[in-house]
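Step one of this worksheet: look at the structure below.
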Amino acid sequence: MTSTTTDPWIRRSNNTKLDRIMVSPEGVPLNVTVATAGARAGALTLDIIIILGLILGVTLLGFLALWGFEAAFDDNIVLEESGPLSVVAVLWIISVFLFRNAYFLYFELGDRAATWGKRAVGIRVAARDGGRLTAEAVIARNIIRDIELFLPLVFISSGEADGSMSDFTAWAGFLWVLMFLLFPLFNKDRLRCGDLIAGTWVIQNVKRNLDGVVAPSAELSADPTTGKTTSRYEFSDADLSVYGEFELQTLESVLRTGTDEALATVTASICNKIGWEPGSGDERIFLEAYYTALRAKLERGMRFGKRRKDKFSQDI
Amino acid sequence: MATDLTAEQAIENAALKSDRFRLEREADWMRLEDIVTKMEKGKARQLSDDDVLALPTLYRTLLSSLSIARESSLDAGLIDYLEGLSLRAYFMVYGTQTSFGQWLKGFFGGGWSQSIREIKLDIWIALFVMIAGTLIGYVLVAGDSDWYYALVPGNFADTRVPGASEAALRETLFSTEDHDGLGVFAAYLFSNNAQVAILAFALGFAFAVPSILLLIHNMALLGAMVWVFAQRDLTVEFIGWLSIHGTTELFAILLAGAAGIHVGRSIAFPGAKSHLKAASDAGKRAALVMAGVVIMLICAGLLEGFARQLINDTGLRYLVGGAMLTFWLVYFFAFGRNRVEERP
């Protein structure tokens, strides 16, 4: 596991500090991005709200069931320690235990390895070594969650409730929570203590669509009868040697998403650079032709093992 | 525009070798993306057999496409797409492929026992600590009975205090009233004990010291209690009362503490491995033990909630407790020894 991306000039995330490489079992390095602390905090908050909601729902359901029993058999039935009350109480205790301990387990063992909160912010759990995410690892990371989160929460809230909380214990509990909550900020992979023990990390989900070929119409001036292609623009080697990969990919993103205005600006600056007179009305055709020609040149270079990072690097 | 052309014409017309490469393979990538998307949405069952069989092949083809694209294409959008799809497909191919049922089978069929045998040394340490804790509790209270109130929290003490009469103590061991609400009691005990066990394990993270302290404290409480009953010659009855669920519960706490010590010890002394690797190896091993501890505590909760209240004979209590202990020992240390090592 190294901590740089394969091609640093292929920009992936906004925060390149969080870009990592994970080597797949086939030996192919894959780029991953570690989830930001903010995303994880958001996911956790959502999950806690959901768990509290579930507990509240089960509690209400329990009351509803008891109320139903009371309505069905009149009030003579003493709802004490026997019959319906004990059944409801057992179910309640078990479900609260499960919500607290099994919620994270259940979701993180699934195909998406993410709770509802994590899905909402687009992150997931993965094995740090690039292997399979095992059930043991998911169990381990979630058992530790208990001391990181639930224990101090329960401790503080129960201490607060019965008034036995001294200033000292309150501060100790607060420091405890703070220590574990801030732990991810003090290591570069944003690992929680649970991640450390389980050998996991939380990374960003990726979902990108395949856009079309960048310059499909560049060669469309082909003669349909002969099939021979001729381009409307011809660029000399000198025209193409002013830019490198960085500029090529900037041009690509302009071609993919740019407005007419942006196209005109870019056309003007390229023409200026290579000493052409910028025309108007034909920017897209021109830029696509230039893009195709430049990319052809740079990719030819790649095949010979020569890459040109940007316009400041030496020409190939 | 390219969309008006057939795929073959598009490939022919593409000016760049890298674009031709892309257009030739696009259909496979799309098919893989479709499969992966369905799996991510939990609709894996809708996939045809063909698709399921094709997944690994498509994934490996994609990886090779990615490697080629990285070395021969400068289409950033394409490489980005391939990177993303490769990662998604990788997670599906190497996801948690065992179903829950299969995992459970492996777990009960030897995985659990094996993980316990792997932390044998830590179990000895935890056992030593627990015995020492009991003795400390006993000796402290024997020396000065005020220690009792320091060790035992108020809600346990009720009538079981130093100087209580034999009758009162006997009453706590053999009370036959209120069999109602045993289920609630069992469920409460389970949830409470499981949380304590999880705590004992999780605290091991801090170099095992808190786990050890917690074990000592809990056992000192027991030692103090033994002294109270021993004062009125009720030792045998008390231990019988305790053993019916205690052999299971104390064993579970022993394992939880041992798992915590195991993790803490591995972090403090990782040996030849890196700290992170040692921690995660130990954590995964200990997680299996802990899954088992929760199961043992369910048994203990049922035994304590029902069996202890319903069986009122000391001999019978020893029998049940002893049988449980024998069962666990045989299951953990004799079962599944010849099992083939499967875990990575």
Side-chain angles (χ1 to χ4, degrees), chain A residues 6-7 10 24-26 28 30-32 81-82 86 89-90 93-94 97 109-113 126 131-137 139-140 143-144 146-147 151 193 196-199 206-214 216-220 222 245 248-249 252 256 292 295-296 298-299 302-303, chain B residues 1-2 13-19 22 29 39-40 42 44 60 63 66-67 70-77 79-81 83-84 86-88 90-92 94-96 98 100 103 180-181 183-184 187-188 191 194 198-199 201-203 205 263 276 279-280 283-284 286-288 290-291 344:
Chain A
T6 34
D7 292 332
I10 290 178
S24 83
E26 289 80 14
V28 178
L30 295 175
N31 286 331
V32 298
E81 297 214 340
S82 64
S86 68
V90 168
I93 292 174
I94 299 289
F97 179 82
L109 279 175
D111 260 342
R112 258 182 292 186
R132 206 180 281 280
L133 177 64
T134 56
E136 290 91 71
I139 296 174
I143 286 180
I144 302 290
D146 206 68
I147 50 163
L151 176 81
C193 291
L196 211 77
I197 295 291
V206 277
K207 185 153 193 177
R208 288 196 199 86
N209 293 322
L210 182 55
D211 293 323
V213 173
V214 189
S217 52
E219 298 288 311
L220 282 194
E245 290 175 17
L248 178 78
Q249 281 165 1
E252 176 187 337
R256 283 192 197 281
T292 310
R295 203 174 110 188
L298 290 174
E299 288 185 352
M302 276 173 98
R303 258 171 245 130
Chain B
M1 291 298 289
N13 282 340
L16 296 168
K17 221 177 185 176
S18 52
D19 276 343
R22 166 199 172 146
W29 302 341
M39 286 178 79
E40 283 176 344
R60 290 197 173 89
L63 282 187
L66 173 65
S67 303
R70 276 173 175 165
E71 296 309 321
S72 70
S73 174
L74 283 171
D75 184 344
I79 294 176
D80 244 17
Y81 169 78
E83 298 256 9
S86 299
L87 197 61
R88 285 166 68 195
Y90 155 78
F91 283 130
M92 290 308 126
Y94 290 98
T96 41
T98 44
F100 184 66
W103 181 82
D180 289 340
V184 184
Y188 165 75
S191 136
I198 287 173
L199 182 67
F201 165 70
L203 286 175
F205 179 73
V263 171
L276 283 180
S280 69
K284 284 180 217 169
L288 270 192
M290 286 307 294

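Numbered from 1 within each chain, the chains take letters A, B, ... in sequence-line order.
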Tightest non-hydrogen contact, residues A:Asn31 and B:Glu83, listed as ND2-OE2, 3.0 Å

Taking the side chain as everything from C-beta on, heavy atoms only, tell me whether B:Lys284 gets closer than 4.5 Å to A:Thr134. yes

Honestly, the part of A:Ala137 sitting under 4.5 Å from a heavy atom of chain B is both

Closest non-hydrogen contact found for B:Tyr81 with A:Asn209 is CD1-C, 3.6 Å

Nearest heavy-atom approach of B:Ala279 to A:Leu196 is CB-O, 3.9 Å

Rounded to the nearest 0.5 angstrom, the CE-CD distance for B:Met290 and A:Glu136 is 14.5 Å

Tightest non-hydrogen contact, residues A:Ile139 and B:Ala291, listed as CD1-CB, 4.3 Å

| Does B:Tyr94 reach the side chain of A:Leu133, with side-chain heavy atoms less than 4.5 Å apart? | no

CZ of A:Arg132 to OH of B:Tyr90, rounded to nearest 0.5 Å, is 9.0 Å

The interface call for A:Glu252 against chain B, heavy-atom contacts under 4.5 Å, is side chain

Of B:Ser86, B:Ser280, B:Gly77, the largest count of non-hydrogen pairs under 4.5 angstrom with chain A goes to B:Ser280

Correct closest heavy-atom pair for A:Ala140 and B:Gly283 would be CB-O, 3.5 Å

Note: vs chain B, highest number of non-hydrogen pairs under 4.5 angstrom among A:Val28, A:Ile144, A:Leu210, A:Ile94 is A:Leu210

Shortest non-hydrogen pair, A:Ile143 vs B:Phe201, comes out as CG2-CD2, 3.1 Å

- Query: Is any side-chain heavy atom of A:Gln249 closer than 4.5 Å to a side-chain heavy atom of B:Ile79?
  - Reply: no

To the nearest 0.5 Å, atom CZ of A:Arg112 lies from atom CE of B:Met92 at 8.5 Å

>> Quick one, B:Leu63 with A:Leu30, criterion side-chain contact (heavy atoms from CB on, under 4.5 Å). Give me CA distance, side-chain angles, the key distance, then yes/no.
In response: CA-CA 9 Å; B:Leu63 282 187; A:Leu30 295 175; 4.1 Å; yes

